[in-house]
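Working notes, structure below.
In each ligand, atom 1 is the first atom listed, and ligand 1 is the first ligand listed.
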Amino acid sequence: MHRLYETGESFREVPAWLWSNAIHPDDREQAERDFDHAIATRGAYNSQFRIVLPSGEIRHLRSRAHFYVDAEGSPSFIGAEWDVTADVQLNAELARQKLVAEARALALEESNARIEHVADHDYLTGLSNRRLLDKRLAELPADKSITTLAVLHLDLDQFKQINDSHGHAAGDAVLRAAALRITAAIPANGMVARVGGDEFVIVLVNFTDLTELKLITEDLQRRLRKKIRFGQEMLQSGASIGVSWSGDRRARNLLAESDLALYQAKKLGRNRVEFFTRQLQEDLRAKRRLAEELKLGLERGEIVPYYQVQLDARTREVIGFEALARWKHPEKGVLAPGIFLKIADEHGLAAEIDAAILKNVLQDRLFWLLRGFAVPRIAVNISASRLADPALLNKLRKLDIPPGVIVFELVETIFLDDSDEKLLEHIGDIKQMGIDIEIDDFGSGHASLIGLVKLRPKRLKIDRQLVTEVVSSAEQRRVVGSIVEIAKALDVEVIAEGIETEAHAVVLAQLGCDGLQGYAFGYPAPAAETDRLFASTASGIEKQKTATGG
Ligand code: C2E
Ligand code: MG
Ligand code: MG
């Protein structure tokens, strides 16, 4: 076998073995195979291989040749081989660069993914965060594999207390445990996100029916009620859950609806599951409307005081009035606080109501004084939010309230919830202004003797519920008697409220109450109807006694 080898100057014949030997051992087999194939097919010869020069240097050759039969009739190839080392090196370099670029792109993608992960996840629990949740919820409607869809809003009970009494590390431990438990309780195709301090949102898809959904919520509650070990301590939380679900994949309002259901669950007590209903939505809408109306009503001066008289238990003289808020609603008539006070509180309007009442009371008082009436002290009710307002003192100072004419009634619970120093200081300043403090509804909740001692109110008002049974129950009489005794020991006066009959009045006077208030002596009435209870002189008060009794 012969082979043409291009030397650059002339052609000469080269024996096949010499050619083969020059080829890099790794390429030899392939090169020979290419050659044999060309002979067998009598076709074109096409190959590329490395050769090793005597110096040891490696060069890349490309070879092209054609089969032909020469004049003597012997088969032969004619063609050329040329050095493509530079090309090969260039290609190799390009390939290397491409690899480097690809690796770089991959690294970039990875770090992007890491950044995305951080942006989409909660650092503490590793769960998805609000951002990712919103993304997922937005994708759901396009996912045709979804047949049913539910959104659960979950809030840990007692979380604030745990945080406050055991510290943030304990709070963190509770959150991490909750995240693990929730993840364990929901099916793999579900999703859970931490969307706020102790608030989680769970998205469930393709459950069979409501029964399955309920089983999942029960399981969630059961797991979250289990105690959590934190150092030496065992912490216990729990969960309130609001659920909204749909028989298809449209998630439009599920998030907001489950939030409403959660709100309801928490309102009805803790550790509950509430499902969203149209009725719930209607109620909430109505409430929101009422809050809007109330805001307007406040601006329009529709919130006015009604006055209920308070009498001396022994002499039955008028000793004061309690101003009770009424809403002169343009369509619904006169509304009692039961209808609007809670909503006011929920919408941050309670303090404004208190302020409106006080302003009106001062105006009414001035009006009565101008007409020559002897106006006794007037008690106004103060909500917790008003009392907590750091600007309250300044607001009160601007009103130029003469000492001794206004009394503030504070409900007992205010002091139990926060008997903090700030609040006590605030109350001290109010007293300094000549505004007496009374504890309202005393004995209705958790009787707080400590609050009584700390606060040193001028008076306490025994709650109506305790008063009601004094006539029929000896035990209740003893309870009220003890309250009176303690109050006396602390130099605190006592008013009994909710006196509906003369018999009650008599018993409570006997038990040592100083003042009496209730329907027996008068219903809360508008300012214009209150005039008749005033006296312009001392003898007038005598006359009043008989006019208001019974
Ligand atoms: P409260 O301060 O304990 O007022 C006494 C409530 O008992 C009043 O209800 C009064 O109308 C009612 N009442 C008086 N005598 C009797 C009686 O003999 N029998 C019965 N069954 N009830 C009697 P009202 O006016 O509906 O007020 C309810 C509560 O709303 C008040 O309880 C007070 O806590 C709150 N409130 C009223 N006005 C204001 C206000 O201007 N600001 C704030 N923050 N709360 C207010
Ligand atoms: Mg009151
Ligand atoms: Mg009361």
Side-chain angles (χ1 to χ4, degrees), residues 294 297-298 301-311 320-329 333-364 377-389 392 406-414 436-445 447 457-471 480 483 494-505 507-508 513 515-527 529-530 548-550:
L294 184 57
L298 272 161
E302 291 167 10
I303 308 297
V304 297
Y306 268 36
Y307 297 91
Q308 189 177 31
V309 71
Q310 296 173 332
L311 303 183
F321 285 88
E322 177 174 8
L324 294 157
R326 294 292 180 268
W327 180 3
K328 287 166 93 174
H329 193 280
V334 178
L335 303 179
I339 301 191
F340 61 87
L341 210 57
K342 201 146 170 263
I343 289 167
D345 215 23
E346 286 167 7
H347 290 79
L349 298 171
E352 277 183 59
I353 288 178
D354 295 352
I357 293 298
L358 180 59
K359 193 173 138 237
N360 277 302
V361 163
L362 292 172
Q363 272 168 12
D364 288 344
R377 67 166 191 257
I378 302 175
V380 297
N381 293 279
I382 301 293
S383 61
S385 58
R386 172 122 159 121
L387 195 63
D389 177 4
L392 177 62
I406 294 294
V407 174
F408 280 178
E409 290 191 10
L410 317 181
V411 281
E412 197 188 43
T413 45
I414 293 181
D436 278 341
I437 300 294
E438 293 179 3
I439 296 189
D440 203 357
D441 303 346
F442 191 86
S444 62
K458 178 78 175 172
R459 271 170 224 104
L460 61 81
K461 298 183 75 178
I462 299 181
D463 190 61
R464 192 170 71 224
Q465 303 201 359
L466 287 179
V467 164
T468 312
E469 284 168 52
V470 287
V471 174
V480 172
I483 292 177
V494 178
I495 292 185
E497 58 178 356
I499 309 282
E500 294 187 358
T501 69
E502 180 60 26
H504 282 88
V507 172
L508 286 151
C513 289
L516 306 174
Q517 178 185 346
Y519 294 164
F521 312 111
Y523 290 94
E529 288 169 35
T530 304
T548 55

Identity and separation of the nearest protein heavy atom to [atom]:
atom	value
atom 12 (C) of ligand 1	Arg464 NH1, 3.7 Å
atom 5 (C) of ligand 1	Glu497 OE1, 3.9 Å
atom 16 (C) of ligand 1	Tyr519 CE2, 3.2 Å
atom 26 (O) of ligand 1	Pro337 CD, 3.4 Å
atom 4 (O) of ligand 1	Leu324 CD2, 3.4 Å
atom 38 (N) of ligand 1	Ala325 N, 2.9 Å
atom 1 (P) of ligand 1	Asp440 OD2, 3.7 Å

Just to be sure I read this right, does ligand 1 sit under 4.0 Å from the backbone of [X], its side chain, both, or neither, counting only heavy atoms?
X	answer
Val411	neither
Arg386	neither
Asp441	side chain
Lys461	neither

### Query
Are Glu322 and Gln308 linked by a side-chain donor-acceptor pair shorter than 3.5 Å?
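No, Gln308 and Glu322 have no side-chain donor paired with an acceptor closer than 3.5 Å.
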Report yes or no: does [X] have a heavy atom closer than 4.0 Å to ligand 1?
X	result
Pro524	yes
Gln517	no
Arg326	yes
Gly498	yes

### Query
Does any N, O or S atom of Asp440, backbone or side chain, fall under 2.8 Å from the Mg ion (ligand 2)?
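Yes, within the cut-off.
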### Task
Examine Glu409 and say whether one of its N/O/S atoms is closer to the Mg ion (ligand 2) than 2.8 Å.
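Coordinating: yes.
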### Asp345 (side chain) donor-acceptor with Leu341 (main chain) under 3.5 angstrom
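Looks like no, no N/O pair under 3.5 Å.
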Check each atom of ligand 1 against the heavy atoms of [X] and keep those under 4.0 Å away; list them by number with element.
X	result
Leu341	30 (O), 35 (C), 36 (N), 45 (N), 46 (C)
Glu500	17 (C), 18 (O), 19 (N), 20 (C), 21 (N)
Asp354	40 (C), 42 (N), 43 (C), 44 (N)
Gln308	14 (C), 15 (N)
Ile357	41 (O)
Ser383	44 (N)
Glu409	2 (O)
Gly518	15 (N), 18 (O)

### Query
Can you find a protein heavy atom closer to atom 32 (O) of ligand 1 than 4.0 Å?
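No, there is none.
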#### Entry: atom 9 (O) of ligand 1 touched by protein (heavy atom, under 4.0 Å)
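There is no protein heavy atom less than 4.0 Å from atom 9 (O) of ligand 1.
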Sub-4.5 Å side-chain heavy-atom contact between [X] and [Y]:
X	Y	result
Asn381	Leu324	yes
Asp364	Pro305	yes
Asp354	Val380	no
Gln310	Lys461	yes
Pro337	Lys342	no
Leu294	Ile303	yes
His329	Ile339	no

### Leu311 to Phe521 - nearest heavy-atom pair and separation
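Shortest heavy-atom contact: CD1-CD2, 3.4 Å.
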### Query
Leu466 and Phe442: which non-hydrogen atoms are nearest, and at how many Å?
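That closest heavy-atom pairing would be CD1-O, 3.8 Å.
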### Task
Could you check which N/O/S atom of Glu322 is closest to the Mg ion (ligand 2)?
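Glu322's closest N, O or S atom to the Mg ion (ligand 2) is named OE2.
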### Message
For Leu387 and Phe408: C-alpha separation, side-chain torsions, deciding distance, then whether side-chain contact (heavy atoms from CB on, under 4.5 Å) applies.
### Response
CA-CA 10 Å; Leu387 195 63; Phe408 280 178; 5.6 Å; no
### Task
Would you mind naming the N, O or S atom of Glu497 nearest to the Mg ion (ligand 3)?
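Minimum-distance N/O/S atom of Glu497 relative to the Mg ion (ligand 3) is OE2.
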### N, O or S atom within Asp441 nearest to the Mg ion (ligand 3), by name
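This residue's closest N, O or S atom turns out to be OD1.
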